[in-house]
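What follows is one structure encoded as structure tokens, with my remarks underneath.
All values derive from a computational prediction rather than experimental measurement. Below, chains carry the letters A, B, ... as their sequence lines are ordered, and counting in each starts from 1.
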2 protein chains.
Amino acid sequence: MATLNRSKSREAIVRFLMTRKDHPTAEVIYNNVRQECPKISLGTVYRNLTLLSDIGEIQKISCGDASEHFDGNAKPHPHFVCNKCHRVDDLEMDDLNFLNTLANQKFGGIVEKHQLIFYGKCEFCKEN
Amino acid sequence: MATLNRSKSREAIVRFLMTRKDHPTAEVIYNNVRQECPKISLGTVYRNLTLLSDIGEIQKISCGDASEHFDGNAKPHPHFVCNKCHRVDDLEMDDLNFLNTLANQKFGGIVEKHQLIFYGKCEFCKEN
DNA sequence: ATTAAAATTAAGAATAATTACTAATTTAAT
DNA sequence: ATTAAATTAGTAATTATTCTTAATTTTAAT
């Protein structure tokens, strides 16, 4: 079931995500991709984001605010969320794969991956 | 502003959360606390869950499924989400505070805490 | 114990994010 | 060019959560 075609919308979404170092929501992606694909609908954006993160080509980040954020970088890495301005950024750290190994040690199931999100004040909000 | 009264609902919610080792949603909490407080409303459950997690007495867990989950254990610890049955459990690991220190090293802002969620197959779903 | 102010609540309306539906369009493979 | 499968726009529907308001409960002070 379901081979994956090459669709204009899908490619525009991926291309847009690649240009961003922050991690936009579906709404933001929609408003931007619209400039390239004026007829695209919000539903299409959602459907493709879900599809793409299901096959692991992009990442979905659930950081606790109302909406999901999306990351064009499929490689696992930690994120940072500012409690003041709510920006969602990448956080530079050495490889954290050892966490999976560690987690698996006393665990009855199988750990496949993890999401690590740090919270605090970003460089712009910390003075206050 | 706003001192925190002792309210029957709020205490029943906390008490219920303490009895659970899984991490129920607002809806599940509502349906259970109802047996003790038959007149409680879903809005009250939501309001108190938000209040309690704001003051750090409980934890809110955003694990990527449609709804938030809540943890009566305020102490930071990692969680596990099963990709098959979607249970949300605690995961036993040694203290992970060093992650915050590590994260702060190359970071311009201030890391205060983190959420670590592992994904995979739980002990009951792993055979398949 | 009374009382008055502040906090909390139930109930239901409102909102916001996301998904589902359907007929039309696009894509890939002949 | 033809056809079947995949994708889409547009819109309706759903779901989780928040907001509003008048009534009730709690607290602290008498």
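Nucleotide C:dT8 holds its C1' atom 15 Å from the CD1 atom of B:I55, rounded to whole Å. Taking atom CG of residue B:D54 and atom C1' of nucleotide D:dT18, one finds them 13 Å apart after rounding to whole Å. Note: CZ (A:F70) to C1' (C:dA17) measures 11 Å, nearest angstrom. Nucleotide C:dT9 holds its P atom 7 Å from the CD1 atom of B:I40, rounded to whole Å. One interatomic measurement links the two molecules: CG of B:N48 to P of D:dT17, which rounds to 15 Å at whole-angstrom precision. Here the P atom of nucleotide D:dA6 and the CD atom of A:E11 are 17 Å apart, to the nearest Å. With rounding to whole Å, A:K39 atom NZ is found 15 Å from D:dT7 atom C1'. Rounded to a whole Å, the CG atom of A:L49 is 15 Å from the P atom of C:dA17.
Other residues sharing the hydrophobic cluster of B:F124, ordered by chain and number and joined by side-chain separations under 4.5 Å: none, the residue standing alone.
Phosphate contact (OP1/OP2 of D:dT8, side-chain N/O of A:S41, threshold under 4.0 Å): absent.
Residues from residues 18-34 of chain A that place a heavy atom under 4.0 Å from any atom of DNA chain C: there are none.
Between the side chain of A:N5 and the backbone N or O of A:S7, no donor-acceptor pair lies under 3.5 Å.
Side-chain contact, B:D89 with B:H79: no donor N or O sits under 3.5 Å from an acceptor N or O. For the residue pair B:E27/B:S67, the side-chain donor-acceptor check at 3.5 Å is not satisfied. Judged by distance alone, the side chains of A:T50 and A:R47 never bring a donor and an acceptor atom under 3.5 Å apart.
Atom CD of A:Q115 sits about 9.5 Å away from atom CG of B:L116, to the nearest 0.5 Å.
Looking at B:K8 and B:E36, no side-chain N of the basic residue comes within less than 4.0 Å of a carboxylate O on the acidic one, giving no salt bridge. A salt bridge links B:K106 and A:D94; the closest N-O separation between the charged side-chain nitrogens and carboxylate oxygens is under 4.0 Å.
For A:R10, taking side-chain heavy atoms from C-beta onward, the closest of the listed nucleotides D:dA16, D:dT7, D:dA9 is D:dT7.
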With sugar-phosphate taken as primed atoms, P, OP1 and OP2 and all else as base, the protein-contact string of nucleotides 19-30 of chain C at under 4.0 Å (heavy atoms; B, S, -) is B-------SS--
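With sequence neighbours left out, A:Y30 forms a side-chain hydrogen bond (donor to acceptor under 3.5 Å, both in side chains) with A:R34. For B:D65, the side-chain hydrogen bond (donor to acceptor under 3.5 Å, both in side chains) partners two or more places apart in sequence, or in a different chain, are B:H69.
A:V45 and A:I13 make their closest contact through CA-CD1, 3.9 Å (heavy atoms, listed as atom of the first residue, atom of the second, distance).
If one axis is set at each end of the helix from C:dA1-D:dT30 to C:dT30-D:dA1 from five pairs, those axes are 40° apart, to 10°.
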